[in-house]
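Below you'll find the structure, written out as structure tokens, and then a few comments.
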Amino acid sequence: GAGVSQSPSNKVTEKGKDVELRCDPISGHTALYWYRQRLGQGLEFLIYFQGNSAPDKSGLPSDRFSAERTGESVSTLTIQRTQQEDSAVYLCASSLRGRTDTQYFGPGTRLTVL
Amino acid sequence: AQTVTQSQPEMSVQEAETVTLSCTYDTSESDYYLFWYKQPPSRQMILVIRQEAYKQQNATENRFSVNFQKAAKSFSLKISDSQLGDAAMYFCAYRSMEYGNKLVFGAGTILRVKS
């Protein structure tokens, strides 16, 4: 079946602009995660959604970052007033309920803030 | 907080040879999961192998196996009969059993395979 998809694959924006990144999880996966990967570094956890429960936002680096999820489907990560340090690859992953040990990742969105 | 350390930024191996990637971690928990993920240039993270901390037996998946040393908090990945397609960035990751909403990743090791 189809895997996790993300759009756009690449995004170039100017400092101060807002951006929206989209993630389509695998159908039937109730858990969805966002990670940030800076150049040459490992992934940093940003936010986790599980069904209709309140999301775990403990990884969001500032109040400029927010994310929403519509039911158990699409999620959007929004970065307001982008800064150059926001430049990174943003990866989304999904998993079945109770199987957070096995996350399936999308190809990521490479964000470049000029 | 848990941390994961990969001390080898880059490794090289000859095709058909064996290579071992190192990973150490720090935790106060007794139950947890450990993972190795592969990230090729396509950026898609691919789960290579998984180990539950309560299992003493080392996990294996075809040419991939781990050496899990719980007391030493070490979790190395061995790739046997290396293939050109194994070239990628490899990440070691930790997941808490109790607070399992996220994975904690190491900085990664670039593996180059020479023909």
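In what follows, chains carry the letters A, B, and so on, assigned in the order in which the sequence lines appear, proteins first and then strands, with residues in each chain numbered from 1.
- Residues Leu77(A) and Phe49(A) share a hydrophobic cluster, clusters being chains of Ile/Leu/Val/Met/Phe/Trp/Tyr side chains in contact below 4.5 Å.
- Taking each heavy atom of Gln103(A) and Tyr37(B) in turn, the nearest pair found is O-OH, 3.6 Å.
- Placement of Phe45(A) and Phe91(B) within a single hydrophobic cluster is found when ILVMFWY residues are connected by side-chain heavy-atom separations under 4.5 Å, directly or transitively.
- With chain A as partner, the option from Arg50(B), Glu52(B), Met89(B) having the largest number of non-hydrogen pairs under 4.5 angstrom is Arg50(B).
- Within a 6.0 Å sphere centred on NZ of Lys78(B), heavy atoms belonging to other residues, nucleotides or ligands number 12 at most.
- Contacts of residues 85-94 of chain A with chain B at a heavy-atom distance below 4.5 Å involve Val89(A), Leu91(A), listed in sequence order.
- No chain of hydrophobic side-chain contacts below 4.5 Å, direct or via other Ile, Leu, Val, Met, Phe, Trp or Tyr residues, connects Tyr48(A) to Tyr32(B).
- By the neighbour-count criterion of 12 heavy atoms within 6.0 Å, atom CG of Leu84(B) is densely surrounded, having more than that number from other residues, nucleotides or ligands.
- Here the CZ-CE distance, from Phe105(A) to Met45(B), works out to 4.5 Å after rounding to the nearest 0.5 Å.
- Contacts of Gln37(A) with chain B are made by side-chain atoms alone, with heavy-atom separations under 4.5 Å and no backbone atom involved.
- At distances below 3.5 Å, not a single donor-acceptor pair connects side-chain atoms of Tyr33(A) with backbone N or O atoms of Leu103(B).
- Two different hydrophobic clusters hold Phe75(B) and Tyr33(B) under the rule that ILVMFWY side chains link at heavy-atom gaps under 4.5 Å.
- Cluster annotation: Tyr25(B) is connected to Val66(B) through the hydrophobic network of ILVMFWY side chains, with a link wherever side-chain heavy atoms come within less than 4.5 Å.
- Using a 4.5 Å heavy-atom cut-off against chain B, the contacting residues of residues 7-21 of chain A are Ser9(A), Asn10(A).
- Heavy atoms of Tyr104(A) lying under 4.5 Å from chain B are absent altogether.
- Sparse packing is recorded around CD of Glu68(A), with 12 or fewer heavy atoms of other residues, nucleotides or ligands lying under 6.0 Å away.
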